[in-house]
Number of protein chains: 2
Amino acid sequence: MNEALTGLAARVQTHLDQRLAPFGDDLVAQAMRYAASGGKRVRAFLVVESAKLHDVTEAHAIWPACGIEAMHAYSLVHDDMPCMDDDALRRGQPTVHVKWDEATATLAGDALQSLAFELTLHPEGAETAQARADLGLRLARAAGGQGMVLGQSLDIAAESAETPLSLEEITHLQAGKTGALIEWSATAGAVMAGASTDALSIYAQALGLAFQIQDDIIDVTGDAAEVGKAVGKDEAAGKATFVSLLGLDGAKYRASSLVDQACDALSVYGNDADMLQLLARFVISRQK
Amino acid sequence: MNEALTGLAARVQTHLDQRLAPFGDDLVAQAMRYAASGGKRVRAFLVVESAKLHDVTEAHAIWPACGIEAMHAYSLVHDDMPCMDDDALRRGQPTVHVKWDEATATLAGDALQSLAFELTLHPEGAETAQARADLGLRLARAAGGQGMVLGQSLDIAAESAETPLSLEEITHLQAGKTGALIEWSATAGAVMAGASTDALSIYAQALGLAFQIQDDIIDVTGDAAEVGKAVGKDEAAGKATFVSLLGLDGAKYRASSLVDQACDALSVYGNDADMLQLLARFVISRQK
């Protein structure tokens with residue numbers, strides 16, 4: 001599993017580097033390259049593996065896979081900015097606004113969002129125009145004001161709210177903030193093939209929530225040096241998290257149940273979905 | 001001309017209001033509505049008129065027309081922020097970060113960019129998936145790090161440069177900052193119909209440059225109350241503009257010549273292109 005993830009991560013990096021080469025040496029282009037480097041590439045893996053399930057080769061799937069990684073990278077650059085989460089460290093490196101400045105971070109994030117659509121809609125990606133247009137439309141909805149941005153907005157509002165969020169509210173928040181891009185990624189293969197996204201949607205919704213619960217667990221149990229970013233921030237700020245609401249053991253149990261649900265949803269694919277099942281197990285075993 | 005522009009602006013506003021209604025009452029949704037209101041809607045007009053030239057009705061063209069207006073609105077929200085141009089007034093109203101805060105402005109801009117793609121790729125827009133995917137791909141390129149964002153980045157770099165930009169450099173900057181979205185808009189009709197974009201591209205490149213020259217002229221000759229935003233900023237900052245490089249009369253003459261070139265390029269369309277020719281004349285006669 002780790003090998004498969006590492007291998008794909010290297011191929012994603014190569015593809016992104018090639019796509020970003022023509023952007024030149026402008027500051028914003030440098031910051032885009034920096035922000036689009038590293039990371040586990042879980043979203044790209046979901047795209048490529050769901051594509052395989054539908055007989056779409058990696059040569060096609062690498063385009064939307066890199067598209068979703070560009071989208072994820074943009075969201076991190078903007079979320080780290082002083083007016084948002086104000087983080088100085090990401091993946092063990094200075095964040096973009098620290099390394100350059102806020103203007104560069106704003107613009108690099110903006111351009112990475114555009115790049116996400118450029119790669120997703122590229123004619124060498126999904127074979128039919130119908131699939132490309134559909135992927136792009138779904139991406140816009142997943143990323144926007146009813147998806148990821150809504151989740152981030154609810155998250156910021158929660159910081160100044162008088163009462164911590166309930167379990168229902170935090171689940172809704174995370175469905176936008178983390179869940180929407182995870183679901184887009186895991187259903188991308190079916191969309192590329194023009195097939196039903198039902199089974200992959202159920203898998204992705206459970207996986208997305210488990211992913212966020214594990215993030216909350218790492219925020220409590222992890223070590224900043226190993227994780228590569230600040231930890232313990234939510235607890236210090238008195239923010240509700242899955243751990244504060246369910247307890248550490250309760251959160252671990254819930255994440256594990258969700259992974260079981262996620263894996264069950266893939267039974268229609270039989271052994272072909274082994275990698276996606278392994279990924280779900282990996283998500284709740286990771287320590288960063 | 002003014003009537004046609006005002007009429008379309010009202011229909012664009014209605015359509016955008018309908019599309020934004022499901023976004024609810026979250027702060028970011030409120031800020032999106034605020035930022036997407038008002039303006040001359042020149043870009044939408046270019047989409048709808050170029051569509052008519054290719055027998056694409058407004059019922060279809062209104063989708064990408066609203067898409068490009070959402071993209072333009074996002075760019076203004078982010079450009080006005082303190083780390084960028086730091087403007088407090090836009091269209092006579094407080095800018096988004098002044099009325100709300102920087103986090104809301106960042107997120108509203110981000111979500112407006114996503115909305116631009118959602119509307120452009122909407123199945124009720126261009127009739128074929130091929131045209132929708134093509135429009136979306138071109139939009140991503142026009143908006144991103146080789147288009148509009150590059151222009152904005154060069155503009156910010158110019159502020160701290162030791163020597164003012166040359167005419168060639170400022171023309172390159174503006175081709176990204178203003179020109180790329182203008183060209184996307186004016187060619188959208190041909191793309192929707194799967195036709196050649198050649199004539200409309202030539203028209204748009206000349207028009208985009210004339211548009212920016214007129215902006216520079218207004219910055220020198222205009223009155224803040226009438227224009228609805230700060231004026232004289234470029235001159236005060238010692239930045240090169242078309243007026244500082246060509247003189248006021250030289251800039252006017254250049255803009256007028258460009259409009260002639262733009263209109264000439266439309267001759268292949270005969271009288272059907274009257275409105276686009278009128279628009280070009282309007283662009284250099286406007287005072288705000």
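Protein chains get the first letters and strands the later ones, always in sequence-line order, with residue 1 at the start of each. Any value given below was found using the heavy atoms of this structure, including those in side chains, with hydrogens, waters and symmetry copies removed. Note that the structure is predicted; figures quoted are calculated from it, not measured.
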Mind listing the closest non-hydrogen atom pair of [X] and [Y] along with its distance?
| X | Y | answer |
| --- | --- | --- |
| A:Gly144 | B:Ala111 | C-CB, 4.4 Å |
| A:Cys83 | B:Ala103 | O-CB, 3.2 Å |
| A:Leu121 | B:Gly136 | CD1-C, 3.4 Å |
| B:Ala129 | A:Ala133 | O-CB, 4.1 Å |

I'd like to know which of [options] tops the heavy-atom pair count under 4.5 Å against chain B.
| options | value |
| --- | --- |
| A:Glu102, A:Arg132, A:Gln130, A:Arg141 | A:Arg141 |
| A:Asp134, A:Leu27, A:Leu20, A:Val28 | A:Val28 |
| A:Ala143, A:Ala140, A:Ala157 | A:Ala140 |

Using 0.5 Å steps for rounding, measure from the [atom1] atom of [X] to the [atom2] atom of [Y].
| X | Y | atom1 | atom2 | answer |
| --- | --- | --- | --- | --- |
| B:Ser153 | A:Phe23 | OG | CZ | 12.5 Å |
| B:Glu118 | A:Leu139 | CD | CG | 11.0 Å |
| A:Asp101 | B:Ile156 | CG | CD1 | 8.0 Å |

Please state whether the side chain, the backbone, both or neither of B:His97 comes within less than 4.5 Å of a heavy atom of chain A.
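Neither the backbone nor the side chain of B:His97 comes within 4.5 Å of chain A.
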So which part of B:Leu115 gets closer than 4.5 Å to some heavy atom of chain A, the side chain, the backbone, both or neither?
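No part of it gets close to chain A.
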For the residue pair B:His78 and A:His78, categorise the inter-ring angle as parallel (less than 30°), tilted (30 to 60°) or perpendicular (more than 60°).
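Perpendicular, since the angle between the ring planes exceeds 60°.
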Crowded around [X] [atom1]? As in, over 12 foreign heavy atoms under 6.0 Å?
| X | atom1 | result |
| --- | --- | --- |
| A:His172 | NE2 | no |
| A:Gln18 | CD | yes |
| A:Glu127 | CD | no |

Any donor-acceptor N/O pair, B:Gln113 side chain to A:Gln113 backbone, under 3.5 Å
no
Would you check if the side chain of B:Gln146 reaches a backbone N or O of A:Pro22 as a donor-acceptor pair within less than 3.5 Å?
yes
Under a 4.5 Å heavy-atom cutoff, which of B:Asp110, B:Leu119, B:Val149, B:Leu112 has the most pairs with chain A?
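Ranked by contacts with chain A, first place is B:Asp110.
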Is the shortest side-chain heavy-atom distance between A:Leu150 and B:Asp26 below 4.5 Å?
yes
